[in-house]
Amino acid sequence: MNKPDVSQIMERNAELAGEIVRLKRRRGAIILAHNYQRGEVQDLADFVGDSLELSQNASKTDAEVIVFCGVHFMAETASILCPDKKVLLPDINADCPMANMITAESLIAKKREVPDAAVVCYINSSADVKAESDVCCTSANAVKVIESLETDKVLFVPDQYLGHYISTKVDKEMILWPGFCPTHVKIQAENIIDKKVEHPGAKVIVHPECRPEVIALADEVLSTGGMCRFARQTDAKVIIVGTEVGIIHRLSKENPDKKFIAASQKAVCPNMKKITLEKVLWALQDMAPEVRVTEDIRVRARRAVDKMLEIGRVDPKIASLS
Ligand code: SF4
């Protein structure tokens, strides 16, 4: 059997998109997509953004159904914020390996070792872990959230690299959980150095989940939402981007006069790519798979998320962490 060519794929995607939009209206659904989703999924979404923007949108929407094109912890966060809505995750196996590097049980054990530390969990964590934390944060608001805490000692989970980056920005003792994002650690310092040689004068923006030696080479350290704002505002015409490659789709679409270069083509999150147009359609047809957080966990996790939403508003200028 011959492989379908690009025009056939585009035709099929347009058909699927049409069916999804019709069914979405009938179901009273909204489609939210993370910046790392496949281009055709981003193009279909009602809103594309980073974890913070998506959670804020989930909390504000009037839609009865949220189709979450992202990974499991993001759909859980939507369920935490919107218990009366049905939250669908088109592929229930779209999970975050970094979020799975910590469990509620292991966190409880660590808390016993450092009872005087405030527990701050990155939003990339399960609802169970959020329920055991004092406050949540995203990469866009982490510094602001931690600076706002009264305690001088912080147990930060689960991303050691984001935690390390924050520790260079705040005057607090930071105890770091040894988790990491398997996608962002694939971006190496040599990748940035090589790309800078190939594109002299280019600006380098990287995500704080990257290794410290990569961050040290960056002009700006930004959440994905911050990267989108930076791209619109900068005069630079060539930008080297150190994060998951899916964001290049949005950056290029919104800034056609600028060139965006992935720091490494290896930085692909296989879990983010599990969501396809077919699976979005099937989710709307079957109204499944649903992600729902149990009430006792939801109430405790919500406290940590609400505290973040209260104190961690993104700097409207640029959400720059550097
Ligand atoms: S890019 Fe990294 S942190 Fe984000 S979902 Fe994938 S594995 Fe998790």
Side-chain angles (χ1 to χ4, degrees), residues 32-39 41-42 45 48-55 58 68-79 87 89-103 120-130 133 136-142 156-166 176-188 191 205-212 214-215 221-228 241-251 262-276 279 291 308 321:
L32 304 180
H34 191 268
N35 288 319
Y36 297 158
Q37 288 290 296
R38 293 168 184 270
V41 173
Q42 292 187 31
V48 182
D50 63 19
S51 300
L52 176 64
E53 294 163 341
L54 293 174
S55 56
F68 215 112
C69 301
V71 291
H72 195 268
F73 75 81
M74 296 178 178
E76 274 192 335
T77 307
S79 171
V87 180
L89 180 62
D91 187 325
I92 202 67
N93 296 313
D95 217 339
C96 171
M98 175 163 71
N100 293 338
M101 289 177 190
I102 185 167
T103 61
V120 181
C121 75
Y122 189 20
I123 198 150
N124 297 32
S125 54
S126 69
D128 292 1
V129 167
K130 288 184 177 79
S133 302
C136 235
C137 73
T138 71
S139 56
N141 62 25
F156 186 81
V157 303
D159 184 9
Q160 62 179 301
Y161 294 121
L162 175 60
H164 175 270
Y165 178 71
I166 299 163
L176 307 180
W177 194 267
F180 61 91
C181 165
T183 298
H184 282 87
V185 297
K186 292 203 178 98
I187 302 169
Q188 305 276 303
N191 301 139
I205 57 176
V206 306
H207 194 277
E209 285 173 24
C210 289
R211 298 165 184 271
V214 170
I215 287 177
V221 184
L222 299 164
S223 68
T224 57
M227 287 181 180
C228 294
V241 183
T243 192
E244 210 273 353
V245 297
I247 197 171
I248 302 285
H249 175 81
R250 178 174 170 190
L251 291 172
S264 169
Q265 289 295 343
K266 290 197 171 73
V268 178
C269 176
N271 281 281
M272 285 283 181
K273 302 301 184 258
K274 282 181 181 165
I275 310 295
T276 61
K279 289 177 191 171
V291 172
M308 168 189 81
L321 299 174

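Every number for a ligand or one of its atoms is a count from 1 in the order of the listing.
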How would you list, by chain and number, every residue that makes a side chain to side chain donor-acceptor pair (under 3.5 Å) with [X], sequence neighbours excluded?
| X | value |
| --- | --- |
| T224 | N35 |
| D128 | none |
| E53 | R229 |

Worksheet item: For L251 and V241, which heavy atoms make the closest approach, and how far apart are they?
Response: CD1-CG2, 3.9 Å
Discussion item. So, with waters excluded, how many protein N/O/S atoms does atom 2 (Fe) of ligand 1 have closer than 2.8 Å?
Written reply: 1
Worksheet item: So, does Q37 use its side chain to make a donor-acceptor pair with the main chain of L32 at under 3.5 Å?
Response: no
Worksheet item: Short question: side chain of W177, backbone of C121 - any donor-acceptor pair under 3.5 Å?
Response: no
